[in-house]
Every structure is written in C-alpha cells, then in structure tokens.
Amino acid sequence: ENREDMLSSKSNRLTEALEEANKLFSGVSCAREAALDAQFLVLASNLGKEKANELHSEMTAFDSLTFAEDLLTFMGINRIQVEENDSDSESTSGGYLPSNAWHKLGEETEKYFRRAPSFHYMLGSFKSDPPVPRQRIERQKKARGGEEKRAMPAQVCKV
C-alpha cells in the first residue's frame, strides 16, 4: 500500500516495517503465520532491491565500446584523425594497427603482471615412485575351545 513512501530515499519506512515484522515473528505459532511472514520478507527484499537500484552512486558501468576506443587510441590509432583524413585523402593505413601496437600494449601491461602464476598439478606430479609395499601382519586366529563350560542360567523351581 505504501510502496512509493517505502521507496523514498528520505524515509525509513522499510526499516521500521522490518523491525516491526521482527518483533511480530517471535509470536508466530502457526504455519500460516510463518508463511505470511515469509511472504512479507520477499516483498521487503524486493523493495530493498528497488531502493538500492535507485541510489545514485559514483560507480560507472563498464562500457566495452569506450574501452575498445581507448585501447585503439593507446595502441596508435586515433579514430577521429582517421575519419578526418579519410575525407581528405585515401592514402591512410585504413585503420590497421601499427606493427609495434601489441608490443606497446604488452610493455604497458607487464608492469601489472610481474611474474607468471605458479603451476600446480591437480592429481600430484607426473613422476611418482611406486608405493612402498607394506609388510603384511598376520593375525593369530582365535582357537575355539570347543565345548567349554558355559554358564547356564539358574532354573526356577518354585514361583
């Protein structure tokens, strides 16, 4: 009912509703009440998600086109200059990368990757010695005593 009021960034109605539901949960005794409580939590989590999406943070989403343009500019192709030169003359490289473009990118990224990751075998090393055979210890077999004296329960003669 108060969806817009709860989604407002200035109100704490969602927090108040969750605190009230937390207090009411202690009195839950029937399965139907627990189901209603679960339904409320689903609605509250959806409202919380919407409220979080409405927050304006300074985080920007990754834009692959901008990244590709910046990468090409770094590697030696300036798209703006290529487009201007295309209209003037057709003697440009046609948008191909310079011969040292990948080398230049590799030198730049080398700063961030100082060493190769260590290699680990999933199932151990390939060189493995055969397992050392264990000495088999033979157990002594219990000798059956045949018909030993067995304790018989006392017979009750009189009840």
Side-chain angles (χ1 to χ4, degrees), residues 1-88 90 92-137 139 142 151 153 159:
E1 294 174 3
N2 302 326
R3 180 183 186 89
E4 296 301 322
D5 187 33
M6 287 187 173
L7 288 177
S8 172
S9 61
K10 295 178 181 176
S11 72
N12 289 332
R13 293 277 312 207
L14 184 60
T15 308
E16 292 169 0
L18 284 170
E19 288 173 356
E20 183 180 347
N22 196 22
K23 289 176 187 172
L24 292 175
F25 182 71
S26 62
V28 170
S29 60
C30 300
R32 179 67 185 146
E33 292 172 344
L36 287 172
D37 186 61
Q39 185 180 8
F40 170 75
L41 286 177
V42 168
L43 287 172
S45 65
N46 288 338
L47 287 174
K49 180 181 174 184
E50 286 181 34
K51 193 171 183 177
N53 285 337
E54 288 180 1
L55 291 176
H56 298 289
S57 63
E58 294 185 18
M59 294 177 57
T60 57
F62 178 75
D63 186 14
S64 59
L65 294 175
T66 307
F67 175 73
E69 289 293 328
D70 290 343
L71 186 61
L72 287 173
T73 303
F74 176 77
M75 293 173 83
I77 292 182
N78 192 345
R79 291 280 192 180
I80 297 171
Q81 289 177 353
V82 169
E83 289 173 4
E84 289 174 359
N85 290 340
D86 272 347
S87 61
D88 297 339
E90 295 183 13
T92 60
S93 64
Y96 293 109
L97 289 174
S99 61
N100 67 342
W102 289 108
H103 184 68
K104 185 177 179 182
L105 180 65
E107 286 177 349
E108 183 64 27
T109 56
E110 187 178 8
K111 299 174 188 174
Y112 303 104
F113 300 100
R114 295 274 181 197
R115 62 181 177 91
S118 59
F119 183 75
H120 298 285
Y121 294 102
M122 287 178 65
L123 300 172
S125 65
F126 289 119
K127 269 189 172 177
S128 65
D129 297 329
V132 177
R134 295 183 182 175
Q135 291 181 351
R136 189 170 181 168
I137 302 172
R139 297 181 186 172
K142 293 182 181 178
V159 178

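Bear in mind the structure is a predicted one, so any value in this text is a computation, not a measurement.
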From CG (Asp70) to CG (Leu65), nearest 0.5 Å:
11.0 Å
Taking distance alone, no hydrogens or angles, what donor-acceptor pairs closer than 3.5 Å link side-chain atoms of residues 99-113 to residues at least two apart or in another chain?
{"residue": "His103", "atom": "NE2", "partner": "Glu107", "partner atom": "OE2", "Å": "2.8"}
{"residue": "Lys104", "atom": "NZ", "partner": "Phe74", "partner atom": "O", "Å": "3.1"}
{"residue": "Glu108", "atom": "OE1", "partner": "Lys111", "partner atom": "NZ", "Å": "3.4"}
{"residue": "Thr109", "atom": "OG1", "partner": "Leu105", "partner atom": "O", "Å": "3.1"}
{"residue": "Thr109", "atom": "OG1", "partner": "Gly106", "partner atom": "O", "Å": "3.2"}

May I have the list of side-chain donor-acceptor pairs in residues 16-32 shorter than 3.5 Å, sequence neighbours left out?
{"residue": "Ser26", "atom": "OG", "partner": "Lys23", "partner atom": "O", "Å": "2.8"}

Could you tell me the separation between the NZ atom of Lys51 and the CG atom of Leu47, rounded to the nearest 0.5 Å?
9.5 Å
Holding to side chain to side chain donor-acceptor pair (under 3.5 Å), I want the full list of residues that pass it with Glu33, two or more places apart in sequence or in another chain.
none
